[in-house]
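Below is one structure, written out as structure tokens; comments come after it.
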Amino acid sequence: MFRSYMEMALREARAAGERGEVPVGAVIVRDGEVLGTAGNRTRELSDPTAHAEVLVIRAACAALGSERIEGADLYVTLEPCPMCAAAISFARVARLYYGAADPKSGGVAQGARIFQHPQCHHVPQVYDGIGAGESESLLRGFFAARRS
């Protein structure tokens with residue numbers, strides 16, 4: 001039976017937005033066990049690689065004591081950028097579920113399309129549009145507030 005963990009990712013995204021970060025959240029689950037949750041922390045950590053996906057992959061790998069998280073599902077509120085898509089491939093994530101498409105910086109269905117490159121050694125199953133409405137709303141609200 002399929003169970004979505006996107007609501008948990010959305011909670012992480014809301015928390016990131018409250019910290020002044022771009023509101024993106026991520027969760028990694030394997031066999032019904034949550035291995036990690038994270039939201040963007042690039043500003044807080046002064047680290048351009050501190051995207052939600054990278055942080056949650058690090059947490060899951062640490063929890064498992066392995067550089068790979070085979071069989072795991074990653075839920076993220078925004079289409080991963082090329083850096084994060086590459087990390088997802090390197091970590092051997094089995095399934096990627098994401099919310100909002102990212103026409104400007106996406107790396108899965110938009111832009112670089114990392115998983116379509118012959119150099120990509122592992123391609124997860126990809127499911128898009130999961131919780132897209134709320135993900136888009138969080139992002140639009142965040143950027144509108146910054147422009148005003």
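Below, all heavy atoms of this structure are taken into account, side chains as well, without hydrogens, waters or symmetry copies.
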I'd like to check [X] versus [Y] (side-chain heavy atoms, cut-off strictly below 4.5 Å). Are they in contact?
{"X": "Asp128", "Y": "Tyr97", "result": "no"}
{"X": "Thr42", "Y": "Pro48", "result": "no"}
{"X": "Val108", "Y": "Ile114", "result": "no"}
{"X": "Tyr98", "Y": "Leu74", "result": "no"}
{"X": "Asp47", "Y": "Arg41", "result": "no"}
{"X": "Pro23", "Y": "Leu139", "result": "yes"}
{"X": "Leu96", "Y": "Tyr75", "result": "no"}

In terms of side-chain geometry, is the basic nitrogen of Arg14 or Glu7 positioned less than 4.0 Å from the acidic oxygen of its partner?
yes
Salt bridge check: are Glu44 and Arg19 linked by an N-O gap of less than 4.0 Å?
yes
Roughly how far apart are [X] [atom1] and [Y] [atom2], rounded to 0.5 Å?
{"X": "Arg92", "Y": "Ser66", "atom1": "CZ", "atom2": "OG", "value": "10.5 Å"}
{"X": "Glu53", "Y": "Arg58", "atom1": "CD", "atom2": "CZ", "value": "11.5 Å"}
{"X": "Leu78", "Y": "Ser135", "atom1": "CG", "atom2": "OG", "value": "7.5 Å"}
{"X": "Leu64", "Y": "Glu70", "atom1": "CG", "atom2": "CD", "value": "10.5 Å"}
{"X": "Glu79", "Y": "Ser105", "atom1": "CD", "atom2": "OG", "value": "9.5 Å"}
{"X": "His51", "Y": "Ile57", "atom1": "NE2", "atom2": "CD1", "value": "12.0 Å"}

So, [X] side chain and [Y] main chain: donor-acceptor pair closer than 3.5 Å or not?
{"X": "Glu67", "Y": "Cys61", "answer": "no"}
{"X": "Ser137", "Y": "Gly133", "answer": "no"}
{"X": "Ser89", "Y": "His122", "answer": "yes"}

ILVMFWY cluster, [X] and [Y] together (side-chain gap under 4.5 Å):
{"X": "Met6", "Y": "Tyr127", "answer": "yes"}
{"X": "Met83", "Y": "Ile88", "answer": "no"}
{"X": "Val27", "Y": "Leu10", "answer": "yes"}
{"X": "Val29", "Y": "Val24", "answer": "no"}

Determine the minimum heavy-atom distance between [X] and [Y], stating which atoms define it.
{"X": "Gly107", "Y": "Ala85", "result": "O-CB, 4.0 Å"}
{"X": "Ala59", "Y": "Gly36", "result": "CB-CA, 4.3 Å"}
{"X": "Ala132", "Y": "Gly99", "result": "CB-O, 3.6 Å"}

Which of these, Ile28, Ile69, Leu35, Val76, sits in a side-chain contact (heavy atoms from CB on, under 4.5 Å) with Val56?
Ile28
Would Asp73 and Arg30 satisfy side chain to side chain contact (heavy atoms under 4.5 Å, CB included), going step by step from the backbone distance to the final call?
CA-CA 6 Å; Asp73 299 338; Arg30 187 169 76 177; over 6 Å; no
Whether over 12 other heavy atoms sit under 6.0 Å from Phe90 CZ:
no
Are Arg3 and Tyr5 in a cation-pi contact, defined as NZ or CZ under 6.0 Å from the six-membered ring centre and within 45° of the axis?
yes
